[in-house]
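Comments concern the structure below.
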Amino acid sequence: MSVAELKERHAAATATVNDLRERLKQKRQLLLDTDVASYALSHGRTPISFSSTDLVCCRTLRGHTGKVYSLDWTPERNRIVSASQDGRLIVWNALTSQKTHAIKLHCAWVMTCAFAPSGQSVACGGLDSACSIFNLNSQVDRDGNIPISRILTGHKGYVSSCQYVPDQETRLITSSGDQTCVLWDITTGQRISVFGGDFPSGHTADVLSLSINSANSNMFVSGSCDATARLWDIRIASRAVRTYHGHEGDVNTVKFFPDGQRFGTGSDDTTCRLFDMRTGHQLQVYSRPHENNDNDVPTVTSIAFSISGRLLFAGYSNGDCYVWDTLVAEVAFNLGTLQNSHEGRISCLGLSSDGSALCTGSWDKNLRIWAFGGHRMVI
Amino acid sequence: MSMTSSSGSTAGRVEAGEAARSDKQQQTTPPPPPPLPLPQARTGGFLGRHRLSAAITRLDQEILSLQEEINELETMDPSSAACQEVLLSMEGKPEPLLPVGPEDVSWDRWFQRVRSSRGHKWWTHKGSDFS
């Protein structure tokens, strides 16, 4: 076939794709008969309200000398690993505020870190396009540093996010600027599966975040600069299970909802959204209340759900940390307004495994722990 | 080989990426002068056909995938079904960070005296004022 004929076919196929996308969008719109807030309010749910002394900063973890980019809790409640622009990982006992480990990284440009299920190892990755694993029980080397126990190489772009498969010490998933996610076998250092890339239905731009479904660890969701989130089954790398449209900018952060059937997203378009995993429906948009200055509306950098799902914590680029009432889509509180809150962008946040504490990490170099310090009406 | 995000506003990532980019630029040599023009069939034609074919294959796959999804929507539940599930999923679930509901004493560990190697430390007592 000549180039001219191919060009014609290409143009025709493009037109068909655009037409189908529009039809799909319209059909989906017809199925959106309500959103979570309208449904909840019509079923008698009332908004949560917090007094200004309910959510309290009960620890400030100081020690990093650069912006904090990422944090992760251990499954056994009280330890946190954080990654910073200062080129270090620090492991903290969040209860005592003590640093138990400080790991100097070979590549200072770290973007993400994660705790292994056992709490004995940590993983990190960044601009070196690799994921490094450190065993916290290793003997330190001559310079007092913990040696790398494994390095996972193969990505052709930066590693934006990494997460261990729940209850699996030897399996980890990474997301990358090379538009793919990868499932790794840490023991061998080999890629088990590549999600996206050459295969159709992969992301078409950098992948920025991922979240593994704790209710079904075969499934994970990824968020990308292509403004979509995609659902993957780790047993079927050849194509995404579903693509979720709605956001109008980079999807910086994704997190599964506690019931394992929905997930939340946060984006440069300044909104958070709740998607239904199975149907693809966009169930709710969480938009910041109207700002005075329409320019420079803060973007969403990170999200986490409280253990019941009732609260959605969202960190923003201006230091705000909204506590959204997930059900009625209203802001119940803004931790950023408290006196002792962060003085810069919130880059990362996460809940302890029992949900009793929230940790936030910031460009102000600190991490803060927040817990409920008010009076509880026990039912 | 892209190290840069396609959006400019993911600042942490861009910041690190920019440092890497400027390193790269310093190492780039100036481009060579353009080659003498040759008949298209001997140079651009082959590559053009190959790339176009690959792009058409991808588009065809996307067409199939979109058609599948449109068909799926014919028998799909509306969003209200999922909204109901969201509501029900929260019923009776304990929630440490809310002012109501059942309580677990271990949630209060953040406000209790903890012995550390530096001696006793007492964190802000639950319920007191914070300035």
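By convention in this document, chain letters (A, B, ...) are assigned in the order of the sequence lines, proteins followed by strands, and residues within each chain are numbered from 1.
Taking 4.0 Å as the cut-off between side-chain N and carboxylate O, Arg45(A) and Glu91(B) count as a salt-bridged pair. Between Arg28(A) and Glu69(B) there is a salt bridge, since a side-chain N of the basic residue sits under 4.0 Å from a carboxylate O of the acidic one.
With chain B as the partner, the residue from Asp33(A), Leu283(A), Leu358(A) showing the most heavy-atom pairs under 4.5 Å is Asp33(A). Between chain B and the residues Leu327(A), Leu24(A), Leu338(A), Asp259(A), the most heavy-atom pairs under 4.5 angstrom are made by Leu24(A). Highest contact tally toward chain B, considering only Leu30(A), Asn78(A), Asp19(A), is held by Asn78(A) [criterion: heavy-atom pairs under 4.5 Å]. Comparing Lys27(A), Gln282(A), Arg262(A) by heavy-atom pairs within less than 4.5 Å of chain B, the highest count is held by Arg262(A). Taking Thr243(A), Asp54(A), Thr279(A) one by one and counting their heavy-atom pairs under 4.5 Å with chain B, the maximum is reached by Thr279(A). Your options are Val323(A), Val36(A), Asn93(A), Leu55(A), and the one with the most heavy-atom pairs under 4.5 Å with chain B is Val36(A).
Between Gly309(A) and Met90(B), the shortest heavy-atom contact is O-CE, 3.4 Å. For Ser356(A) against Trp107(B), the heavy-atom pair with the smallest separation is CB-CD1, 3.8 Å. Closest of all the heavy-atom pairs between Leu97(B) and Phe50(A) is O-CE2, 3.3 Å. A pairwise comparison of heavy atoms in Asp35(A) and Cys83(B) identifies C-SG, 3.5 Å as the closest pair. In terms of heavy-atom proximity, Leu66(B) sits nearest to Val17(A) at CD1-O, 3.8 Å. For Gly355(A) against Pro96(B), the heavy-atom pair with the smallest separation is O-CG, 3.3 Å.
In this structure, the portion of Arg242(A) lying under 4.5 Å from any heavy atom of chain B is its side chain and not its backbone. Interface residue Asp354(A): backbone and side-chain heavy atoms are both found under 4.5 Å from chain B. Neither the backbone nor the side chain of Asp104(B) comes within less than 4.5 Å of any heavy atom of chain A. With a threshold of 4.5 angstrom between heavy atoms, Ala94(A) approaches chain B through its backbone and through its side chain. Of the atoms belonging to Phe275(A), not a single heavy atom falls under 4.5 Å from chain B. Heavy-atom distances place the side chain of Ile369(A), and not its backbone, under 4.5 Å from chain B. Of the two parts of Thr14(A), the backbone and the side chain both hold a non-hydrogen atom closer than 4.5 Å to a non-hydrogen atom of chain B. Only the side chain of Glu72(B) comes within contact range of chain A, with heavy atoms under 4.5 Å apart. Proximity to chain B (any heavy atom under 4.5 Å) is restricted, for Ile48(A), to the side chain, taken from C-beta onward. The contact between Glu85(B) and chain A is made by backbone and side chain atoms together, counting heavy-atom distances below 4.5 Å.
Atoms CG and CZ, from Leu52(B) and Arg9(A) in turn, are 10.5 Å apart once rounded to the nearest 0.5 Å. Taking OG1 from Thr16(A) and CD from Glu62(B), the interatomic distance works out to 11.0 Å, rounded to the nearest 0.5 Å. Taken to the nearest 0.5 Å, the NZ atom of Lys25(A) stands 13.5 Å off from the CD1 atom of Ile70(B). Cys58(A) SG to Gln112(B) CD: the interatomic distance, rounded to the nearest 0.5 Å, is 11.5 Å.
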(request) List the steps, then state whether salt bridge (Lys or Arg N to Asp or Glu O under 4.0 Å) holds for Glu95(B) with Arg310(A). (result) CA-CA 8 Å; Glu95(B) 177 51 78; Arg310(A) 184 64 196 258; over 6 Å; no
(message) Quick one, Val56(A) with Phe111(B), criterion side chain to side chain contact (heavy atoms under 4.5 Å, CB included). Give me CA distance, side-chain angles, the key distance, then yes/no.
(response) CA-CA 10 Å; Val56(A) 169; Phe111(B) 300 98; 4.2 Å; yes
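For the pair Arg239(A)/Ser65(B), a side-chain contact is recorded, criterion being any heavy-atom separation below 4.5 Å from C-beta on. Between Pro94(B) and Ile307(A), the closest side-chain pair of non-hydrogen atoms is not below 4.5 Å.
For Glu8(A), the CD atom counts as loosely surrounded, since its 6.0 Å shell holds 12 or fewer non-hydrogen atoms of other residues, nucleotides or ligands.
The side chain to side chain contact (heavy atoms under 4.5 Å, CB included) test applied to Leu32(A) returns Gln29(A), His281(A), Ser79(B), not counting sequence neighbours.
Judged by distance alone, with hydrogens and angles left aside, the side-chain atoms of Arg376(A) form a donor-acceptor pair with the main-chain N or O of Leu98(B) at under 3.5 Å. Distance alone, capped at 3.5 Å, is enough to place a donor-acceptor pair between the Arg59(A) side chain and the Trp110(B) backbone.
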